[in-house]
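What follows is a single structure, written as structure tokens, with notes after it.
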Amino acid sequence: MSNTILYFTAPYCGACEVMHPIAERVAKRNDCTFKEVRVDGGDGRKLAEALKVRAIPQIVSAQHSGEEIEYDDVVGRFIGIGKMQEIKL
């Protein structure tokens, strides 16, 4: 079983820039793989839709056994801006 932190972001999102380093630290703290997902098109948009991401910035924690991450693999999420101590994933 793999643990992954997915960070959903977009280049036009100022709050996303603020949260990016925090999302990376959350992944490191939880001993997870970190993956940045840009929702402004392509595969990132498709994954955001599949995982029901409706707002950014958003940090999604997933436990998965295969290459693809599906909605049922999601075990936690944090939406918006917050301090690292507030993010319990």
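- Side-chain contact between Ile5 and Ser61 is present, with at least one heavy-atom pair separated by less than 4.5 Å.
- Shown here is Glu86, whose CD atom has more than 12 heavy atoms of other residues, nucleotides or ligands within 6.0 Å.
- Between Ile56 and Tyr12 there is a side-chain heavy-atom pair separated by less than 4.5 Å.
- In terms of hydrophobic clustering, with Ile, Leu, Val, Met, Phe, Trp and Tyr side chains grouped at heavy-atom distances under 4.5 Å, Val18 and Tyr7 are assigned to different clusters.
- Taking the side chain as every heavy atom from C-beta outward, Phe8 and Leu51 approach each other to under 4.5 Å.
- Arg45 and Val39 make their closest contact through NE-O, 3.6 Å (heavy atoms, listed as atom of the first residue, atom of the second, distance).
- Qualifying disulfide (SG to SG under 2.5 Å) partners for Cys16, counting only residues two or more places apart in sequence or in other chains: Cys13.
- Rounding to the nearest 0.5 Å gives a distance of 9.0 Å between CZ of Arg25 and CD1 of Ile87.
- Between His20 and Glu36, the shortest heavy-atom distance links the atoms NE2-OE1, 3.0 Å.
- Ile22 and Leu89 fall within the same hydrophobic cluster, defined by Ile, Leu, Val, Met, Phe, Trp and Tyr side-chain heavy atoms under 4.5 Å apart, directly or through other members.
- Closest approach of Ala23 and Ile59 over heavy atoms only: CB-CD1, 3.8 Å.
- When side chains are defined from C-beta on, Ser2 does not count as touching Thr33, because their heavy atoms never get closer than 4.5 Å.
- Side-chain contact between Leu6 and Leu47: present, with at least one pair of heavy atoms (C-beta onward) separated by less than 4.5 Å.
- Atom-to-atom distance recorded for Thr4:OG1 and Asn30:CG is 11.5 Å, nearest 0.5 angstrom.
- Every residue two or more places apart in sequence or in another chain that forms a side chain to side chain donor-acceptor pair (under 3.5 Å) with Asn3 is listed here: Gln63.
- The heavy-atom pair separating Gly80 from Met19 by the smallest distance is O-CG, 3.6 Å.
- The minimum heavy-atom distance linking Ile79 with Ala55 is given by the pair CG2-CB, 3.9 Å.
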Could you walk me through whether Val53 and Arg77 satisfy the side-chain contact (heavy atoms from CB on, under 4.5 Å) test, starting with their C-alpha distance in whole Å, then the side-chain angles of each, then the deciding distance to 0.1 Å, before giving a yes or no? CA-CA 9 Å; Val53 172; Arg77 56 179 81 222; 4.1 Å; yes
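- Considering every non-hydrogen atom in both Gln58 and Arg54, the closest pair reads NE2-N, 4.0 Å.
- Between Arg38 and Thr9 there is a side-chain heavy-atom pair separated by less than 4.5 Å.
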